[in-house]
Amino acid sequence: MAGKDEGGETRKDGQFALPLALRRDYAASRFVASASNAEARLWLAQGEWPERRLWLWGEAGCGKTHLLSIWAERRGALHVQAGLLSPELFLTELPPGGVAVDGLDSPFREDVLLHLLNHAREQRRPLLLAGRAPPARRAVNLPDLASRLRATTAIGIRAPDDALRANLLLRLLAERQIVVSQPVMDWLLRHLPRTADAVLDAVERLDGAALARGQAVTRALAREVLGDRLHPDGREEI
């Protein structure tokens, strides 16, 4: 019998459309270099940073995690989510390649991050950090941690240009095995906000709606599920 459960929607055929966690391919060959991330790429290529610390910041989907993954892979560094930081990670010597800490806009243990910063400085290991805002705007309670973060070089990744938005949209659709015609692709790129976050959100919504209804992604479907995201002319265009 058709139904609906927590965390999933019911398709027309009675089967559940469950949200699946997708594993993204962060290989260096799949990274799209553009003017928006040129400064970040230059700093990462230099290798030497003030205090051996660098903070990359930018909106969701701008490429921070991809850059951290590439840097960690090339150096043999530890790549860890901020929310998973624990004292046990740093009981021994840090990897010679350093540590990359991702997701510093999420909750994390401030005392552990401070310990990591001190540990890395003592062992002369590089630290690559990333969050959606620069460290000076990241509210923390520990004064010592706040001062160290303010002293960390921060490099922003700008909003994606047209080529990067198109590549991101195409890649996200391919990862979810969603087939979209070129006219619909062009229409989405014209009418979505010019941010990576808008592209990410649009693909997630379109995927969920197409699975739930068992239909292809059309411009009519996109207008319906993305109405609050589209520019006014995009909502009205036939």
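- Using a 4.5 Å cut-off between side-chain heavy atoms of Ile, Leu, Val, Met, Phe, Trp and Tyr, with links allowed through other members, L164 and V199 fall into different hydrophobic clusters.
- Within a 6.0 Å radius of CD in Q46, more than 12 heavy atoms belonging to other residues, nucleotides or ligands are found.
- Of all heavy-atom pairs spanning P126 and G97, the tightest one is CG-O, 3.4 Å.
- A distance-only check finds no donor-acceptor pair linking the side chain of E51 to the backbone of A151 [under 3.5 Å].
- Between the CG atom in L149 and the CZ atom in R53 there is a gap of 7.5 Å [rounded to 0.5 Å].
- Here the closest heavy-atom approach between residue L192 and residue A202 is recorded as CD1-CB, 3.8 Å.
- Between E175 and V203 there is no side-chain heavy-atom pair separated by less than 4.5 Å.
- In this structure, F31 is not a member of the same hydrophobic cluster as L170, with clusters built from ILVMFWY side-chain heavy atoms closer than 4.5 Å.
- Atoms NZ and CD, on K64 and E59 in that order, are 8.0 Å from each other to the nearest 0.5 Å.
- Checked by atom type and distance alone, the side chain of R165 pairs as donor or acceptor with a backbone atom of L189 at under 3.5 Å.
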Run the numbers on R213 and V225 for side-chain contact (heavy atoms from CB on, under 4.5 Å), then give the verdict. CA-CA 12 Å; R213 304 180 190 192; V225 301; 4.3 Å; yes
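- A donor-acceptor distance shorter than 3.5 angstrom exists from the side chain of N37 to the backbone of S34, with no hydrogens or angles considered.
- Nearest heavy-atom pair across A222 and L230 is O-CD1, 4.3 Å.
- Under a hydrophobic-cluster definition in which Ile, Leu, Val, Met, Phe, Trp and Tyr are linked whenever side-chain heavy atoms come within less than 4.5 Å, directly or via other members, L172 and L169 are assigned to the same cluster.
- Rounding to the nearest 0.5 Å gives a distance of 11.0 Å between CD of E39 and CZ of R41.
- Among residues at least two apart or in separate chains, ring pair (Phe, Tyr, Trp, His ring centres under 6.0 Å) pairs with a member in residues 115-163 are H115-H119.
- Under the rule for a ring pair (Phe, Tyr, Trp, His ring centres under 6.0 Å), the partners of W49 that lie at least two apart in sequence or sit in another chain are W71.
- Partner V101 forms a side-chain contact (heavy atoms from CB on, under 4.5 Å) with one of L116, L84, L68 and no other, that one being L116.
- Considering every non-hydrogen atom in both G76 and P95, the closest pair reads O-CB, 3.9 Å.
- A 6.0 Å sphere centred on CD of Q177 holds no more than 12 heavy atoms belonging to other residues, nucleotides or ligands.
- L127 and L54 fall into different hydrophobic clusters, defined by Ile, Leu, Val, Met, Phe, Trp and Tyr side-chain heavy atoms under 4.5 Å apart, directly or through other members.
- Among residues two or more places apart in sequence or in another chain, the side chain to side chain donor-acceptor pair (under 3.5 Å) test is passed with D161 by none.
- The line from CG of L226 to NE2 of H191 is 11.5 Å long, rounded to the nearest 0.5 Å.
- Linking ILVMFWY residues whenever their side-chain heavy atoms come closer than 4.5 Å, directly or via other members, leaves V80 and I70 in distinct clusters.
- Not counting sequence neighbours, the partners of R205 by the side chain to side chain donor-acceptor pair (under 3.5 Å) test are D201, D228.
- Separating the CZ atom in R150 from the CG atom in L145 is a distance of 9.5 Å, to the nearest 0.5 Å.
- When side chains are defined from C-beta on, R109 counts as touching P87, because their heavy atoms get closer than 4.5 Å.
- For the atom pair CG (L104) and CG (L56), the distance works out to 11.0 Å, reported to the nearest 0.5 Å.
- Shown here for G131 and D105, the closest heavy-atom pair between the two residues is CA-OD1, 3.5 Å.
- Q182 and D186 share a donor-acceptor pair across their side chains, judged by distance under 3.5 Å alone.
- Not a single side chain to side chain donor-acceptor pair (under 3.5 Å) links Q81 to another residue, sequence neighbours left out.
- Proximity of E204 to R176: side-chain heavy atoms (C-beta onward) are separated by under 4.5 Å at one or more points.
- Qualifying salt bridge (charged side-chain N to carboxylate O under 4.0 Å, His left out) partners for D144, counting only residues two or more places apart in sequence or in other chains: none.
- The two residues W55 and A133 have their closest heavy-atom pair at NE1-O, 3.0 Å.
- A salt bridge links R125 to E93: one of the charged nitrogens lies within less than 4.0 Å of a carboxylate oxygen.
- For the pair L113 and E110, the minimum side-chain heavy-atom distance is 4.5 Å or more.
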